[in-house]
Amino acid sequence: MKRIVTIQDFSCVGSCSLTAAIPVLSAAGVECCGIPTALLSNHTGFPTFYSIDLTNELHPISEQLKREHIDFDGIYTGYIASAEQIELIGEFIRQFRKPGALLLIDPVMGDNGKMYAALTDDYPERMRRFIAGADIITPNITEACLLTGRSFNPCPTLHEAKEMLTELCSMGVRFAVITGFSEKGQLGAVGCYDGKFAECLTPKRDVACSGTGDVFASALMGAVLRGADFPQALEIATKFTYTAVDCTASAPDRRFYGIHFQPVLGEYIKMLSEAETRRSDA
Ligand code: PXL
């Protein structure tokens, strides 16, 4: 069984970050270890929250893992609370990324044209340096604009999205994916790898819930670890995320409790198995 580690916050309530990544990657048949960067009572979309910063715990945890010779087939980073944490996690990656291990960086920085309040102005530049050498990155449109130094454009054309993706790949990324791309009333993801493009769009649902990007990135990582190629993985992650958003749409408490991916995890497992069967039949 493959073992990966994901480094992001643990929000006790809210179906996002670690509490999304661990179940989704487990459904992909991967052992998903988690290193929390912060502990929150609930995600920051609730009116109030209690938070404990764990920056000072990252180094002792990694030293201890080294002492036990623990290694990983993949590393996946999500929300990183500060430039200092980026440096520490960069050091963790240099020490723990063995040859062939998959590195997915979700450059979580903002949404709807705004950078998250807790982040400083130098953060996008730090993130730009951090993504160099990643196998996969999964920015949303806001984050893609921040990484490529563009002013925010909520609805880039496919041509503009492809330009951003080409630039992101030239920063040293194998597979760059922009999420939340919309075209002709549909919503989905568009990616670039080896100078080629892949796109998957699904019907648009008017539902905004926290954890959507985390579910997408986790599902993408799980599919690639299961042997899907990049376009296949993009399709599986997009369709699964859509199914989960659709399920959330009918939930009365959807504003706060995050994306309801749990009832549709079976759909993800089914898509992974079907893709595997198609590959072995080919
Ligand atoms: O990616 C969603 C997320 C992760 N972590 C924290 C959050 C949110 C969304 O609100 O508040 C702490």
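Here the structure is a predicted model, which is why all the values come from computation and not from measurement. For ligands, and for the atoms within them, numbers begin at 1 and follow the listed sequence.
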Quiz item: How close do Met221 and Leu25 get, heavy atom to heavy atom, and via which atoms?
Solution: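 Closest approach of Met221 to Leu25, heavy atoms only: CG-CD2, 3.8 Å.
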
Quiz item: Which bit of Thr44 gets closer than 4.0 Å to ligand 1, counting heavy atoms only: side chain, backbone, both or neither?
Solution: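 Both backbone and side chain.
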
Exercise. Kindly state each residue pair satisfying ring pair (Phe, Tyr, Trp, His ring centres under 6.0 Å) with at least one member in residues 260-282, sequence neighbours excluded.
Key: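 As it turns out, the ring pair (Phe, Tyr, Trp, His ring centres under 6.0 Å) pairs with a partner in residues 260-282, which skip direct neighbours, are Phe240-Tyr268.
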
Self-check item: Ligand-side contact atoms (ligand 1) for residue partner Ser210, heavy atom cut-off under 4.0 Å
Solution: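 Selected atoms, number and element: 9 (C), 10 (O).
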
Self-check item: Close-contact set for ligand 1 against His43 heavy atoms, below 4.0 Å
Solution: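 Result: 7 (C), 10 (O), 11 (O).
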
Quiz item: Between the side chain of Glu87 and the main-chain N/O of Glu84, is any donor-acceptor distance below 3.5 Å?
Solution: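 Not a single qualifying donor-acceptor pair exists.
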
Self-check item: Selected option - heavy-atom contact closest to atom 6 (C) of ligand 1, from Val108, Leu39, Asp9
Solution: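 Looking at heavy atoms only, Asp9 sits closest to atom 6 (C) of ligand 1.
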
Acceptor/donor pairs from residues 183-205 side chains to any protein atom, 3.5 angstrom cut, sequence neighbours excluded:
unit_1: Thr202; atom_1: OG1; unit_2: Leu187; atom_2: O; d: 3.0
unit_1: Arg205; atom_1: NH1; unit_2: Asp246; atom_2: OD1; d: 2.1

Self-check item: Nearest-neighbour protein heavy atom for atom 1 (O) of ligand 1, which is reported as residue plus atom name and distance
Solution: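 Going by distance alone, atom 1 (O) of ligand 1 is nearest to Asp214 OD2, 2.8 Å.
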
Quiz item: When you measure from atom 3 (C) of ligand 1 to every protein heavy atom, which one gives the shortest distance, and what is it?
Solution: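 Minimum-distance protein heavy atom for atom 3 (C) of ligand 1 reads Cys16 SG, 3.7 Å.
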
Quiz item: Of all the heavy atoms in Ser11, does at least one lie under 4.0 Å from an atom in ligand 1?
Solution: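 It does; at least one heavy atom falls under 4.0 Å.
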
Quiz prompt | Leu40 to ligand 1, any heavy atom closer than 4.0 Å | solution =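 Right, Leu40 reaches ligand 1.
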
Quiz prompt | Parallel, tilted or perpendicular: ring planes of Phe256 versus Phe46, cut at 30 and 60 degrees | solution =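 Judged by the thresholds at 30° and 60°, the geometry between Phe256 and Phe46 is parallel.
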
Practice problem: Determine, for Lys98 against Asp71, whether the closest basic-nitrogen to carboxylate-oxygen distance falls under 4.0 angstrom. | Solution: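 Result for this pair is yes, salt bridge flagged.
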
